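Below, chain A is the first sequence line, B the second, and so on; all start at residue 1. Heavy-atom basis, side chains included; hydrogens, waters and symmetry copies ignored. Predicted, not measured: the structure shown is a model, and the values here were computed from it.
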Amino acid sequence: MENSVVAGVFDEIANILDILGENPFRIRSYRAAARRIADMPESVTAMAREGRDLTAVPGIGVSIAEKVREIAATGRCAFLADLRGKIPRGLPELLRIEGLGPKKVKLFHERLGIDSVDRLEEAARSGALKKLPGMGGKSEENLLGAIGRYRAGRGRFTLSTGIEYAESLARFLREARGTAAIEAAGSVRRRRETVGDLDILAISSDGPGLMERFFRYDGIEERTARGGTKSSARLACGLNVDLRVLEEGEYGAALQYFTGSKEHNIALRGRAAARGLKLSEYGVFRGERRVAGRSEEEVYAALGLPVIPPELRENRGELSAAEQGALPDLVELRDIRGDLQMHTTATDGRGTIAEMAEKAKKLGYEYIAITEHSKAVRVAGGLDAKKLAAHLRAIEKAAGAYPGLRILKGVEVDILPDGSLDLDDGILAECDLVVASVHYRFNLPEKEMTRRIVRAIGNRRVQILGHPTGRLILERPGYEVEMEEVVKAAKEHGVVLEVNAHPSRLDLRDTHVRLAVERGVKLAISTDAHAPSQLDLMRYGVYTARRGWAEAADVINTFPLKRMLAALKR
DNA sequence: GCCGTTTTCGGCCCGACTGTTTTCAGTCG
């Protein structure tokens with residue numbers, strides 16, 4: 001069973017306990033455990049079945065370990081079933097509406113019998129809500145807006161959307177007079193796969209002027225707050241942006257604080273407290289005196305640590321690694337020497353071989369691989385053996401025009417439902433590079449899907465496993481597969497796992513990258529480009545690899561050609 | 001519910017903002 005499912009159980013428990021008005025610390029424990037489990041690279045139910053000690057996992061104690069074992073054994077959780085009976089089915093969903101927390105959900109239900117988004121909207125429209133204590137016309141109005149946004153599913157955005165707006169806003173604001181620093185913090189800076197909003201921090205000698213300019217930004221739809229140090233707005237795309245103007249002496253502390261993650265900050269604050277210090281967004285304090293805050297270097301140094309790269313700040317062991325001087329030397333975009341998955345007009349790509357090669361040259365690459373779909377992918381016009389053979393010759397011919405760039409003759413062959421490949425051995429043997437991927441029959445039971453992929457990995461022609469879970473961020477979850485088994489098989493057969501750099505895929509995801517790195521399995525960061533411009537998406541794959549603690553040595557397309565080819569051998 | 005070089009009991013991060021108040025509750029990050 002996927003960890004996200006187990007995490008979902010504990011999140012739901014937390015939500016219901018929250019509405020019931022339970023002890024907030026007990027609720028926090030369930031949420032912390034849920035988050036911890038979702039982040040674990042190993043399958044927690046598998047650990048339970050193997051009889052391993054789950055209480056060794058931080059955040060999991062006797063009670064939650066017991067529930068995990070129950071879920072692993074029976075697929076259900078009696079405690080949750082019991083809780084569900086205590087409140088109407090629709091209440092937990094209401095918590096997902098912006099500005100609505102457990103107290104109000106409870107109040108609305110007790111006083112007006114509201115148990116669904118529809119009934120909530122009705123009550124808001126009829127003016128019934130504003131008569132309740134603590135509510136008023138403004139609250140009602142805001143709630144209606146939030147319901148609309150919730151319905152539009154505008155909650156989160158892909159990292160690329162977040163980064164594009166963050167960079168555009170920063171460029172725009174940098175032009176304001178008196179702006180000394182401008183930077184996006186938050187999940188964008190940590191390069192999380194999705195972002196909920198933007199936190200932009202600034203130092204300015206003219207705060208009001210900067211706020212003024214902020215509200216003149218083109219994409220702004222609505223001003224939602226305006227204060228001396230903080231203003232907020234919602235962009236037309238639905239993204240919320242906070243702009244904070246800070247003093248020089250607190251900028252580093254604020255950058256650290258607003259970059260998060262929350263979990264990293266909590267751990268860091270605990271570390272501060274243990275040293276008789278207090279850490280807040282205003283600095284590191286000993287008593288009343290600020291001892292650090294100007295820069296992140298200063299803040300971390302005051303706590304006896306080197307600066308931790310933002311991508312690692314998830315409280316997944318980065319603090320102890322930093323303490324021991326064992327932080328990884330993370331892979332960087334400039335380490336990348338080539339791109340090992342892309343498509344051309346021969347199938348569903350929108351660039352010719354020559355156009356892809358031109359773009360690769362501009363990026364300074366030493367090599368690329370053209371990896372066309374195989375015939376099972378009908379919608380993409382996948383190639384059969386005969387057409388692929390012709391295409392391989394076309395690649396050879398085109399390659400002559402690019403002496404400094406090695407163009408590998410590749411294929412992205414489909415993994416059929418039984419784990420066999422869509423093309424036979426003869427034609428695969430003619431390719432320099434075989435990437436194998438799943439493109440249909442996603443709904444196999446986990447065991448079968450795992451068998452399917454593991455069998456493909458066992459095929460001696462396969463060198464890279466493409467987008468290993470098949471997910472599309474914010475659109476569909478990946479297929480159910482035991483990643484532990486996949487990584488194990490990859491290790492055994494010397495198969496490389498792809499980190500697909502497309503912002504909607506980022507697959508392997510960060511926690512799976514970490515698992516692969518820990519097990520010594522090599523990675524390839526590939527854009528899967530379907531147009532020349534998409535070769536620029538490489539940065540997102542690098543971010544994801546960094547979030548998984550990958551170093552250049554873990555990523556084969558940071559190697560020079562000869563060494564890269566050697567790494568593909570199996 | 002979790003956790004422990006001060007604790008196996010008694011803590012658990014902490015401050016800003018909003019909308020409602022007449023000193024604060026709820027939500028958010």
With sequence neighbours excluded, residues passing salt bridge (charged side-chain N to carboxylate O under 4.0 Å, His left out) with A/Arg76: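 Testing A/Arg76 for salt bridge (charged side-chain N to carboxylate O under 4.0 Å, His left out), a comparison that skips the adjacent residues, returns none.
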Using salt bridge (charged side-chain N to carboxylate O under 4.0 Å, His left out) as the criterion, list what pairs up with A/Arg119, not counting sequence neighbours.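 Checked A/Arg119 against salt bridge (charged side-chain N to carboxylate O under 4.0 Å, His left out); matches are A/Asp115.
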What nucleotide among [options] has an atom nearest to a side-chain atom of [X]?
| X | options | result |
| --- | --- | --- |
| A/Asp199 | B/dG29, B/dG1, B/dC12 | B/dG29 |
| A/Arg26 | B/dG1, B/dG15, B/dG29 | B/dG1 |
| A/Lys103 | B/dG1, B/dG26, B/dG29 | B/dG26 |

Atom pair distance, as rounded to whole Å: [atom1] in [X] and [atom2] in [N]:
| X | N | atom1 | atom2 | result |
| --- | --- | --- | --- | --- |
| A/Asp18 | B/dG26 | CG | P | 12 Å |
| A/Ile13 | B/dG1 | CD1 | P | 10 Å |
| A/Leu100 | B/dA25 | CG | P | 19 Å |
| A/Ile64 | B/dC3 | CD1 | P | 9 Å |
| A/Phe285 | B/dG15 | CZ | C1' | 12 Å |
| A/Leu107 | B/dA25 | CG | C1' | 11 Å |
| A/Asn265 | B/dG29 | CG | C1' | 10 Å |
| A/Ile16 | B/dG1 | CD1 | P | 15 Å |

So [X], base contact, sugar-phosphate only, or nothing? Heavy-atom distance under 4.0 Å.
| X | result |
| --- | --- |
| A/Phe25 | base |
| A/Ile60 | sugar-phosphate |
| A/Pro24 | nothing |
| A/Ser63 | sugar-phosphate |
| A/Gly186 | nothing |

Is there a donor-acceptor pair under 3.5 Å between the side chain of A/Ser204 and the backbone N or O of A/Asp206?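 Pair found, side chain donor or acceptor close to backbone of A/Asp206.
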Holding to ring-ring contact (aromatic ring centres under 6.0 Å, His included), I want the full list of residues that pass it with A/Tyr479, two or more places apart in sequence or in another chain.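 ring-ring contact (aromatic ring centres under 6.0 Å, His included) check on A/Tyr479 returns A/Phe442.
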Residues forming a ring-ring contact (aromatic ring centres under 6.0 Å, His included) with A/Tyr543, sequence neighbours excluded: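 A/Tyr540.
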Partner of A/Lys447 under side-chain hydrogen bond (donor to acceptor under 3.5 Å, both in side chains), chosen from A/Glu482, A/Glu480, A/Glu485: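 Exactly one option meets the side-chain hydrogen bond (donor to acceptor under 3.5 Å, both in side chains) with A/Lys447, and it is A/Glu482.
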Could you list, one pair per line, each protein nitrogen or oxygen that sits under 3.5 Å from a nitrogen or oxygen of nucleotides 16-20 of chain B, together with the distance?
from, atom 1, to, atom 2, distance (Å)
B/dA16, OP1, A/Tyr282, OH, 2.9
B/dG19, OP1, A/Lys138, NZ, 3.3
B/dG19, OP1, A/Asn142, ND2, 2.9
B/dG19, O3', A/Ser139, OG, 2.9
B/dT20, OP1, A/Gly136, N, 2.6
B/dT20, OP1, A/Gly136, O, 3.1
B/dT20, OP1, A/Gly137, N, 3.2
B/dT20, OP1, A/Lys138, N, 3.4
B/dT20, OP1, A/Ser139, N, 3.3
B/dT20, OP1, A/Ser139, OG, 3.0

When the [atom1] atoms of [N] and [M] are considered, how many whole Å apart are they?
| N | M | atom1 | answer |
| --- | --- | --- | --- |
| B/dC17 | B/dC12 | P | 24 Å |
| B/dG11 | B/dT7 | P | 14 Å |
| B/dT27 | B/dT20 | C1' | 13 Å |
| B/dG15 | B/dG10 | C1' | 24 Å |
| B/dT8 | B/dG1 | C1' | 15 Å |
| B/dA16 | B/dT21 | P | 24 Å |

Counting only pairs under 3.5 Å, give me each side-chain donor-acceptor contact of residues 80-92 of chain A, with atom names and distances, residues two or more places apart or in other chains.
from, atom 1, to, atom 2, distance (Å)
A/Arg84, NE, A/Glu12, OE2, 2.7
A/Arg84, NH2, A/Glu12, OE1, 2.9
A/Arg84, NH2, A/Glu12, OE2, 3.3

With the threshold set at 4.0 Å, does a side-chain nitrogen-carboxylate oxygen contact exist between A/Arg547 and A/Glu193?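 Result for this pair is no, no salt bridge flagged.
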Give a yes or no on whether a donor-acceptor pair under 3.5 Å exists between the nucleobase atoms of B/dG29, that is its base, and the side chain of A/Asp242.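 Flag unset: no donor-acceptor pair detected.
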B/dT20, syn or anti by chi within 90 degrees of zero: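 B/dT20: anti glycosidic orientation.
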Both A/Phe258 and A/Ile27 contact DNA chain B. Which one's nearest nucleotide lies toward the 5' end?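 Here A/Ile27 is the residue nearer the 5' end.
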Pair partner, B/dG26 [Watson-Crick or wobble, under 3.5 Å]: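 Pair assignment: B/dG26 / B/dC17.
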Mind checking whether A/Phe79 and A/Tyr30 have parallel, tilted or perpendicular rings, split at 30° and 60°?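 Plane angle under 30°, so parallel.
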